[in-house]
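Here is the structure we will look at.
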2 protein chains.
Amino acid sequence: MKERRRVTIRDVADAAGVSVATVSRVMSGSLKVNPEMAERVRRATEELEYRPNGAAQGLASGMHRSVGVVLPDLSNPYFHGIIKATNVGAARDGYRMLVTEWQEPGEELGVCLDVLSRVDGLLVLSARMETDGLRDLAARGVPTVLVNRVELGVDLPMVAVDNFSPMLELCQHLASLGHRRVVYLAGSPGAWQNRERWKAVQQARILGLDPVMVASDATIEAGYEATDEALGHDPTALIAFNDLAALGAVARLRELGLKTPEDISVTGFDDVALARYADPALTTIVSPKAALGEQAWVMLEASLRGERLEQPPLLSATFVQRASTGPAKGSRT
Amino acid sequence: MKERRRVTIRDVADAAGVSVATVSRVMSGSLKVNPEMAERVRRATEELEYRPNGAAQGLASGMHRSVGVVLPDLSNPYFHGIIKATNVGAARDGYRMLVTEWQEPGEELGVCLDVLSRVDGLLVLSARMETDGLRDLAARGVPTVLVNRVELGVDLPMVAVDNFSPMLELCQHLASLGHRRVVYLAGSPGAWQNRERWKAVQQARILGLDPVMVASDATIEAGYEATDEALGHDPTALIAFNDLAALGAVARLRELGLKTPEDISVTGFDDVALARYADPALTTIVSPKAALGEQAWVMLEASLRGERLEQPPLLSATFVQRASTGPAKGSRT
DNA sequence: AAGATCTGAGTAAACGCTCTCTAGGAGGGC
DNA sequence: GCCCTCCTAGAGAGCGTTTACTCAGATCTT
């Protein structure tokens with residue numbers, strides 16, 4: 001394992017018979033360089049298999065050409081759809097994306113700041129991170145974009161999906177099936193998305209729904225575990241915070257001998273890949289993950305350039321009925 | 001958005017009335033420093049909210065204190081379990097983990113090398129990356145650990161789960177239920193794991209199985225789509241490459257009016273979270289994801305220190321019977 | 001045709017940190 | 001009491017790039 005010295009820009013310069021500055025110019029695609037020289041440089045680069053040192057570039061230019069993504073849970077497929085789209089945008093613009101999972105709240109700002117020593121900007125998908133931390137980031141002028149999190153007191157660009165309207169639509173669907181007593185399996189208490197969804201569910205009282213909230217979370221396990229308590233309220237339908245929780249709930253119901261949707265209806269949110277393939281296929285809300293990720297990148301890229309794009313409106317999500325909802329048991333609809 | 005200048009080590013040094021060298025020593029935890037001074041430095045650090053510049057540290061020390069993880073598909077939950085464990089190990093040892101998803105083969109070595117300009121080592125979870133690329137990495141002396149990929153011609157440490165034995169056990173289970181004609185829904189053709197699993201399935205001829213291979217992949221969609229072709233072979237059981245494909249297959253079967261396991265049995269591999277919650281709960285192989293991720297880190301960490309640990313044996317996975325397998329239709333078992 | 005302007009390549013100063021080397025004070029041996 | 005060793009803190013040389021600047025030669029102006 002001989003420690004062969006890294007080939008630096010200097011080596012390339014020597015090999016091509018030019019100065020390091022010229023090599024740097026060629027690498028960065030500056031037009032002000034003699035084509036013949038550029039060609040020589042390119043050949044030398046190739047031959048020596050030169051790879052610029054990212055750290056040095058970052059130090060010298062103050063730009064790292066990479067952005068950090070902070071999210072609470074890597075295993076939630078909902079995030080995949082988003083960051084995949086973000087990634088193609090970033091790649092297109094020559095940026096690298098570094099994903100960091102972080103769960104414990106309180107620590108998050110620290111992590112962000114730490115990550116920041118190697119990135120130019122941040123995408124915050126984390127619902128749990130305290131508002132103070134965000135405000136701090138905003139105050140520091142760190143290019144940051146909030147995803148699916150609308151914070152009024154924070155001066156940061158944000159992109160988000162409309163949670164309220166589609167959830168209301170979903171409730172309407174439930175109401176039209178004759179449901180009345182429903183339980184909302186909540187997501188993370190502080191999360192904006194959770195507040196919005198719950199708000200919509202409460203609003204649905206006007207449609208005749210009589211909702212109760214039960215604490216849960218955005219995971220299969222949490223949905224599974226919250227189901228027993230939910231059943232205590234004797235509901236005809238379970239409105240889960242997201243698809244994962246819905247899947248967990250369905251599994252627990254099945255275990256208890258309750259069939260979905262015959263005995264009890266269950267709804268999800270997000271439309272992750274599994275939702276369609278589950279049994280029963282989940283009635284849920286199709287969240288525009290790709291569009292969200294794309295827009296997040298556009299906003300972030302602008303921030304990186306010091307530009308501040310106009311705050312875009314909420315993206316709309318659409319309700320889709322599948323097999324996990326049916327007429328309320330005991331209703332004559 | 002005033003561009004407030006970053007606080008550097010020099011600022012801290014000035015504030016504490018010491019030299020930058022001393023600050024650096026305090027930060028790195030060197031013991032050779034007067035406690036009183038150390039305290040002063042620490043206080044200054046705190047007050048100024050000093051954060052060392054990662055790029056500069058990387059440049060100066062040649063260490064980035066971070067490792068790159070290259071994986072083919074962020075949405076496969078199997079990887080989450082692994083990298084989660086790796087991450088805690090890395091964090092414990094003061095390393096940051098950068099996840100990079102990369103799909104197109106051919107490009108992968110380039111990406112690795114590129115990522116390498118900012119990391120100290122690599123964890124390769126990507127089954128598709130060409131062997132040549134790996135050999136190249138090995139030749140360059142880049143600290144790299146291969147996960148779930150055993151390459152005999154490559155001189156790199158690897159950690160992997162035993163695929164063969166548990167798969168054979170699974171086949172035995174199927175055989176004992178009276179199955180004979182089975183279809184193996186294959187994973188990525190070049191992948192080591194795929195070869196191992198298929199080898200085991202073929203070996204199971206000795207148990208009376210009569211296996212056929214059908215091309216598919218490690219995703220729900222691929223499992224779903226390969227099912228029709230699989231049915232052409234009139235099997236009594238489907239052995240999917242992994243849980244995702246199995247889930248896809250079950251979904252397609254249901255669509256076709258075939259019940260699992262009454263009409264046809266289906267098995268998975270990996271035991272992702274969903275496997276247990278799906279309907280029917282998947283008979284599958286429990287892969288020790290956490291142990292794998294942990295061991296991968298241990299090996300990598302040793303490589304980073306220039307040490308080469310002894311090649312560990314394959315980790316063992318265990319077969320678990322759940323509800324997706326039953327007696328072969330038409331068998332009297 | 002001489003001075004002004006422009007082009008494009010080279011020189012060298014950062015960038016923020018680490019780490020070797022040096023200096024000087026404290027402590028110890030004789 | 002003097003010299004030598006030990007130990008700690010500071011000075012400063014990089015680390016590999018980028019990016020003003022500088023400067024020579026070419027192209028214009030009139």
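Note: hydrogens, waters and symmetry copies are ignored here, and every other heavy atom, side chains too, is used. Chain A is the first sequence line, chain B the second, and so forth, proteins listed ahead of strands; every chain is numbered from 1.
In this structure, Q57(B) atom CD and dT17(D) atom P are separated by 19 Å, rounded to whole Å. Summarising the geometry, the separation between CE on M27(A) and C1' on dT19(D) is reported as 16 Å, rounded to the nearest angstrom. Atom NE2 in H64(A) sits roughly 13 Å away from atom P in dT18(D) (whole-Å rounding). Distance CD1 (I9(B)) to P (dG14(D)): 19 Å, rounded to an integer number of Å. Between L48(A) atom CG and dG16(D) atom P the separation is 15 Å, expressed in whole Å. One can place CE of M63(A) at 17 Å from C1' of dA14(C), the figure rounded to the nearest angstrom. We find that CD of E36(B) is positioned 15 Å from P of dT8(D), with the value rounded to whole Å.
Within the 4.0 angstrom heavy-atom criterion, base atoms lie near S24(A). When heavy atoms are screened at a 4.0 angstrom cut-off, M37(A) is found touching the sugar-phosphate backbone but no base atom.
OP1 or OP2 of dG10(C) has at least one side-chain nitrogen or oxygen of S19(A) nearer than 4.0 Å. Between S61(B) and dT18(C), a side-chain N or O to OP1/OP2 separation shorter than 4.0 Å is absent. Contact annotation: T22(A) side-chain N/O to dG10(C) OP1/OP2 distance is under 4.0 Å.
Under the 4.0 Å criterion applied to side-chain N and carboxylate O atoms, E301(B) and R92(B) are not assigned as salt-bridge partners. Look at D73(A) and K84(B) and you find a salt bridge, because one of the NZ, NE, NH1 or NH2 atoms lies within 4.0 Å of a carboxylate O, short of that distance. Ion pairing of E39(A) with R42(A) is present here, as a side-chain N (NZ or NE/NH1/NH2) and a carboxylate O approach within less than 4.0 Å.
Distance from the side chain of L59(B) is smallest to dG16(C) among dG10(C), dG16(C), dC17(C). Proximity note for A21(A) (side chain, C-beta onward) versus dG10(D), dT11(C), dT17(D): the nearest is dT11(C).
Across the helix from dA1(C)-dT30(D) to dC30(C)-dG1(D), the helix axis at one end is tilted relative to the axis at the other end by 40° (nearest 10 degrees, each axis from five pairs).
Side-chain atoms of R51(B) stay outside donor-acceptor range of the base of dG16(C), with no qualifying N/O pair under 3.5 Å.
What you find for R149(B) and S126(B) is that their closest heavy atoms are NH1-O, 2.9 Å.
Atoms CZ and CZ, from R51(B) and R6(B) in turn, are 9.5 Å apart once rounded to the nearest 0.5 Å. To the nearest 0.5 Å, the span separating CH2 on W192(A) from CG on L146(A) amounts to 10.5 Å.
Using a 4.5 Å heavy-atom cutoff, the side chains of S24(A) and I9(A) are in contact.
Between R25(A) and N34(B), the residue whose closest nucleotide on DNA chain D is further toward the 5' end is N34(B). Across the interface with DNA chain D, nearest-nucleotide mapping of G17(B) and A60(B) shows G17(B) to be the residue nearer the 5′ end.
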